[in-house]
Amino acid sequence: MGSYPSKPQQPLKAQEVVDEKLKSRALVDEVARMHLNGKLTSADGSLTLDTLRHWESAASQDPKLALSRTILSQTELADALKNRSNAINTPHIFNTSIPFSTGPITSQNSSGRCWLFATTNVLRYSVQQKLDIPEFQLSQSYLFIYDKLEKSNYYLELSIQHANLPLDDRLISHLAGSPVGDGGQYDMAANLLHRYGVVPQAIFPETHSSSKSAPLNKLLTTRLREHALILRRLYSSLTESLLTKDEQLSVLRSKKEELMREVWNVLTVTLGVPPNPDEKFAWEYVDKSGTAKMWEGTPKDFYKQFTSKAYPAAEAFSLINDPRNDYGKLYTVDKLGNVWGGRPVLYVNTEIERLKEAVVKCIKAGQPVFFGCDVGKSSDSGLMDTGLYDYENAFNITLSLTKAERLQVKESAMTHAMVISAVHIDLATNKPIRYKVENSWGEAAGNKGYFVMSDAWFEEYVYQVVVPKQLADKDLLKVFQSKEKVVLPPWDPMGALA
């Protein structure tokens, strides 16, 4: 694939195909006979008391299970089964790092805004370097309020577009499930930056509802679902009118704007009135030397002036590792977005080794990396490693799902976005061993806010890295620029919002 040469597989001859089918059928028959020869205690498929007695008879004679029953019924599973050696063998030591440290460690508190924190944590590297300030945060709430506004509009536009579908249609049910949730994707952040710019946190600080967003989300979701029904009823009445399709759409959008005014009111009551993207603000700050300074301009000006000139945020794109689907292709998810008519969510699917190579290349170039992963898997106390817990020995089981199978059965998905700021490379193999991760869960999490991720964990649970086009391999950039997309359904795991 791409720059990785491979020998094309030669097609099998007709007789070889027949032979392979016969071998496969023989294996299936053999496995089936093994099961039939076993003792069947329930012909109708229900559980019987004889079955339970049989299982317990076998379990009671297993010394490993006996020990597990003694210990694990009295304690937290994760605490008891954590492998101490993994923490020892995965230190917070890295030999290849970004040449500039930012601060402070951020906290998204009780909200799902990790993607906005990861985005702004990457952007602030450039701001702090250019202004020579020791600590700085961009306003995550500024992007948050406009994201809520845009998502509300996006959902109502989709409600108009698909008003002809029944309410129990799978698409309608899916869209109504979480029309204005906190999560998002990098392309959605890029939409917000392009449309609204960004401001320092001091200009638009946190509120109770930005840090604890569940009550706001519940209220907005309830109201938006009602708004969708209002638009559906209006659509139904308009279909019987003499208006043209364009005129009907204008009427529906006029009603939608009336409903959206309510959304704006709810958002500004709970999150505050944000700066207008085209109106100037004044921001005062103190640099490392202690000198007081002031910057003046619009949110759009601030974004344009302080985004990296070498690696502009708007020109970065996502590489993913989704082994269910073909590599070397561009993917998108149907009906996924925030800004209506904005940049779509796009992924270039490729091998996991190429995601690692992209990360190392970015770190060596001094560029931190936004990445998406399933943070809840085999992760605790700032350590992400596949061998963190020993469930298999304790329960006499084998956990053998592949990365593709975990996606297929909804065992895993992108649940969290963070930033990679350093990597430890094996000098003998020139391969990464572990990665330094800047999280957004405050200083109490991990090692003063930083996590360490093993290379094995990266392979299994990292799904996405965002790479500037200037640092991307040419063949992957060509796939991204081709715009020939494979469209995944709205409920696909790749539509999960971090």
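Count residues from 1 along the sequence.
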Within 45° cone and under 6.0 Å: Lys403 NZ/CZ vs Tyr463 ring: yes
Presence of salt bridge, Glu459 and Lys356, under 4.0 angstrom: yes
Taking every non-hydrogen atom, the tightest pair across Leu131 and Asp287: O-CB, 3.8 Å
Expected output: side-chain Lys448 to main-chain Ile105 donor-acceptor under 3.5 Å: no
Side chain to side chain donor-acceptor pair (under 3.5 Å) between Gln470 and Glu315, intermediate numbers included: CA-CA 8 Å; Gln470 294 81 1; Glu315 296 182 7; 2.6 Å; yes
Nearest-0.5 Å distance, OG of residue Ser101 to CD of residue Glu135: 11.5 Å
Check: Lys148 side chain, Val180 main-chain N or O, donor-acceptor pair, under 3.5 Å: yes
Side-chain heavy-atom pair His174, Pro489 within 4.5 angstrom cut-off: no
Donor + acceptor pair across side chains of Asp374, Ser412 (<3.5 Å): yes
Side-chain heavy atoms of Phe281 within contact of Phe204, under 4.5 Å: no
Heavy-atom donor-acceptor pair, Gln185 side chain to Met188 backbone, under 3.5 Å: no
Pair Asp475 + Arg354: basic N to acidic O under 4.0 Å: yes
Atom of Ala292, atom of Val286 and distance for their closest heavy-atom approach: CA-CG2, 4.3 Å
Contacts of type ring-ring contact (aromatic ring centres under 6.0 Å, His included), residue Tyr303, not counting sequence neighbours: none
Side-chain donor or acceptor of Asn83 paired with backbone N/O of Gly387 under 3.5 Å: yes
Lys364 vs Thr96 side-chain heavy atoms within contact, under 4.5 Å: yes
Check against side chain to side chain donor-acceptor pair (under 3.5 Å), Asn121 and Ser440: CA-CA 9 Å; Asn121 283 345; Ser440 54; 5.6 Å; no
No-hydrogen, no-angle side-chain donor-acceptor test under 3.5 Å, Ser209 and Thr207: no
Flag side-chain contact, heavy atom, 4.5 Å: Val345 against Val333: no
Phe480 versus Leu346, closest heavy-atom pair with distance: CE1-CD1, 3.9 Å
Any side-chain donor near an acceptor of the partner, Asn349 and Asn325, under 3.5 Å: no
Flag side-chain contact, heavy atom, 4.5 Å: Lys218 against Thr221: no
Under 3.5 Å donor-acceptor, Ser210 side chain and Glu206 backbone: no
Any donor-acceptor N/O pair, Ser421 side chain to Pro368 backbone, under 3.5 Å: no
Salt bridge present between Arg195 and Glu150 (N-O < 4.0 angstrom): yes
Asn95 backbone acceptor or donor facing His424 side chain under 3.5 Å: yes
Pairwise distance OG1(Thr120) to CD(Gln137) - rounded to 0.5 angstrom: 7.5 Å
Atom NZ of Lys309: over 12 foreign heavy atoms under 6.0 Å: yes
Geometric class of the Trp283/Tyr285 ring pair [parallel <30°, tilted 30-60°, perpendicular >60°]: parallel
Sub-4.5 Å side-chain heavy-atom contact between Val487 and Thr332: yes
Validation row: Leu355, Phe458 side chains within 4.5 angstrom (heavy atoms): yes
Minimal non-hydrogen separation, Tyr391 against Leu81, with atom names: CD2-CD1, 3.5 Å
Intermediate values then yes/no, ring pair (Phe, Tyr, Trp, His ring centres under 6.0 Å), Trp115 and Phe144: CA-CA 10 Å; Trp115 61 293; Phe144 186 58; 8.7 Å; no
Mutual orientation of the aromatic rings belonging to Tyr196 and Tyr146 [parallel < 30°, tilted 30-60°, perpendicular > 60°]: parallel
Closest non-hydrogen atom pair, Gly112 against Ser213: N-OG, 4.3 Å
Smallest separation among heavy atoms of Ala314 and Arg343, with atom names: O-NH1, 2.9 Å
Pairing residues for Asn153 by the side chain to side chain contact (heavy atoms under 4.5 Å, CB included) criterion, not counting sequence neighbours: Glu157, Lys256, Met260, Trp340
Pair Tyr435-Trp457, ring pair (Phe, Tyr, Trp, His ring centres under 6.0 Å): steps then yes or no: CA-CA 10 Å; Tyr435 309 79; Trp457 197 94; 9.9 Å; no
Donor-acceptor contact present, side-chain Lys436 to main-chain His92, <3.5 Å: no
Student check: side-chain heavy atoms of Tyr327 and Asn321 closer than 4.5 Å: yes
Check: Ser107/Asn109 side-chain N/O donor and acceptor closer than 3.5 Å: yes
Approximate separation, where rounding is to 0.5 Å, of Arg113 CZ and Thr119 OG1: 12.5 Å
